[in-house]
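Letters A, B, ... mirror the listed sequences (proteins, then strands); counts begin at 1.
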Amino acid sequence: MPVGPVRAVRGRAAHRERGLQRSPCLRHGRLFALGARSPYFPRPLEGRKARPRTRLEPTTMEAKPGPDLERMRHSCSHVLAAAVLKLFPDAKLGVGPATDTGFYYDIQTSVPLTTEDLPKIEAEMRKIRERKLPLVRSEVPVADAVAFMQKTGQSFKVELLELLATRGSTAAKGLEDPNLVDAGAGGVSSVSFYTLGDFTDLCRGPHVEHTGQVGAFKLTKLAGAYWRGDSRNPQLTRVYGTCWANEQDLKAYLHRLEEAEKRDHRKLGTAMGLFHIQEEAPGTVFWHPKGWTLFRTIERYMRSRLEADGYAEVKTPQLVDRIFWEKSGHWENYRDAMFVARPGKEGEEEDRLYAIKPMNCPGAVQIFRQGQRSYRELPLRLAEFGACHRYEPSGALHGIMRVRAFTQDDAHIFCTEDQVPAESRKFCDLLRVIYRDFGFADLLVKFSDRPEKRAGSDETWDKAEAALEKGAKTAGLETVRNPGEGAFYGPKLEFVLRDAIGRDWQCGTLQVDFVLPDRLDASFIGEDGAKHRPVMLHRAILGSFERFIGILIENYAGRLPTWLSPIQVRMVPIADRHVDFAREVARRLTASELPQTDGGIRVDVDDTAERMQKKIRNAQLEQIPYMLVIGDKEAEAGKVAVRLRSGRDLGTLAVEDVIARIRAETETRADIVDPPAPQQAPNQAKAP
RNA sequence: GCCGCAGUAGCUCAGGGGUAGAGCAGCGCAUUCGUAAUGCGCGGGUCGGGGGUUCAAUUCCCUCCUGCGGCACCA
């Protein structure tokens, strides 16, 4: 029942619900509003075609909720509220809008709601639906509305009414209601009520005619939600529900949820033997051999791309005196989120307090500051696979996606102001190539400009924004404006990629920084012989390795492309007498030099006492791209029978041919010989 | 951090005030097999930690930890 949206909930892309919620770097509400006009890359990059990808979603329904479905869901939230009020007469209502897949209502009760209440509420809702109660709209003067809500004890509604009366909008936390821009600064003089039986709610509407038109629904979960999205406010109980035109659609939706769950990187990652997390180290990852192989493969790849693009790699200390962080400004802003460390000796005189680095940039500045820099050295690109620690709030932790220790593919480019556009462009080009190599074709770029609270003069910001914009433009990027969301020190581009099931993940960033060089006194000698401040570009492409690997796992549902697979080939000897030959083939594969690898093709031998069928089954379950079967025929001919994880049989090949295939495949970083079968049309960037 | 839920074998899960169970995995033996599960046998648990109630707690209560779903946060 949004009187005015408390959050921007107008977007409708299917990915919103699950995608953004799992994409912790996004300002949710903000992107929702932007989702409607996503300028994905206007044209495909030359060279390689986007890989076809499997796609679970969406049904037509979910892709295009349409006004009817949305209206129905909105009405369903009123039915929910009416049911709750019947069961809990003292309940105070907050807001209850429709969402992408259903609705919710924020409710405060004297006795907290529990999941056991949900079936009771559902039953009550069904009764209301059966009674086909009309939803009747009425226009009410604000004063009367306030009086009514006061009388019925609906204090949150009173608060909303007061906001409407004074501001004409209920928008919270700077989220403006696009539908109310014309309301002007003044407030409204009357509001609309909707009455459903003996339940009357403040609401803008529209609604279905009667409750019998509400479709198949199910209450799905309970969660706390701060009133008006502000953690200083009391927390209400948010009852979530999903609602569909009919039972079939509801079932289909629940099924899709299950399917998406199967991609969960926490489940898959553990099952694939990549990593684990345990209680004693919350929010930090134990990388197992296979997971670390994947990590290193990505790192090696990134390193080669960066080197080719003129970056030099550095490594800066983990542990730096607190004083340093005070200088950089981090202590002041992020002290609560920083880990600190003291020497273990107790009672010693020296009692310096160190902090584990939460970011790499101040360290990079120190390297820049050593000796005297010349303009001839610029742009100086310093890359660091920096391991950072941040004490993230416990509730934010999520598998390896949101952790307290992570490794960024970070780099800092020191340059002149004039060089910013060219450097931006160069970076955007690199980023696109890299995303493409990982199989992501869809990209959304946000341009976050000056925030209200900022450092630097307006002229500086004009320059910085213009430079960044020019860079984006020359890189051929279309951007969505993300007003007021820049860093306090400068504007940023934010790169959001879309995965195989349509979820968005913000990964890359490019930030222009005029502040830190000044704070940490970085300078270079210009052509004119005078000292100048460099501009600093902060940039990352993957974001964090941990999170990006999580995204890869979910995107590919564990079925990583060959170049990324920790094990690329599984030798399957049919009987014990074939093991020796299998081992020999494995040695030859290992000895073959693949691009981007340390040790050639990654292969292992299944020499267990299992039957060949079982070995193949195991290899399938492990999603190993190549299975090389060896029996009497192969051993005799010195060849191998090649099976792909798609189930395709390539027949019997010479070992050299297999090596050549895998080499070609890893060079192009695509599954050439074993393309995943698209379940539906390849993912298209839809303009909702 | 806040609200709700959960924690039982390596994994998935059942059970329940009176010495804990299945499937898979593991180990052993047999089998040596032609493209997604060979058979038989064996071992395995402070029932997340601490405290309380009780003759007796894995089960009930309190508390802490961790995880899950949201909210808030995300340099």
Among [options], which nucleotide sits nearest the side chain of [X]?
| X | options | answer |
| --- | --- | --- |
| P282(A) | rG34(B), rA36(B), rG67(B) | rG67(B) |
| K221(A) | rG69(B), rG67(B), rC73(B) | rG69(B) |
| T115(A) | rG4(B), rA36(B), rA72(B) | rG4(B) |
| D576(A) | rG7(B), rU32(B), rA75(B) | rU32(B) |
| Q235(A) | rC2(B), rG4(B), rA75(B) | rC2(B) |
| P112(A) | rG69(B), rG4(B), rG1(B) | rG4(B) |

Under 6.0 Å between the ring centres of [X] and [Y]?
| X | Y | result |
| --- | --- | --- |
| H389(A) | F406(A) | no |
| H288(A) | F275(A) | no |
| F545(A) | F385(A) | yes |

- [ ] Give, for atom CG of L516(A) and atom CG of D521(A), the distance between the pair rounded to the nearest 0.5 Å.
- [x]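 Spacing of CG (L516(A)) from CG (D521(A)) equals 11.5 Å.
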
Return the nucleotide paired to [N]: Watson-Crick means purine N1 to pyrimidine N3 with N6-O4 or O6-N4, wobble means G-U with N1-O2 and O6-N3, both under 3.5 Å.
| N | result |
| --- | --- |
| rA9(B) | none |
| rG69(B) | rC3(B) |
| rG26(B) | rC42(B) |
| rC33(B) | none |
| rG18(B) | rC55(B) |

Check if the side chain of [X] and the base of [N] share a donor-acceptor pair of N or O atoms closer than 3.5 Å.
| X | N | value |
| --- | --- | --- |
| E116(A) | rG4(B) | no |
| Y226(A) | rG1(B) | yes |
| R228(A) | rC71(B) | no |
| R390(A) | rA75(B) | yes |
| D649(A) | rU35(B) | no |

Open item on the list: Need to verify one output field. Residue with the more 5' nearest nucleotide on RNA chain B, L397(A) or I630(A)?
Closed with: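 The answer here is I630(A).
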
TODO: Let me know the distance between CD1 of I107(A) and C1' of rG4(B), rounded to the nearest Å.
DONE: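 My rounded result for the distance is 14 Å.
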
TODO: Write down the distance separating the P atoms in rA36(B) and rC71(B), rounded off to the nearest Å.
DONE: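 It works out to 44 Å between them.
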
TODO: Please answer whether the main-chain N or O of S448(A) pairs with a side-chain N or O of N482(A) as donor and acceptor at a distance below 3.5 Å.
DONE: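 No; zero donor-acceptor contacts below 3.5 Å.
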
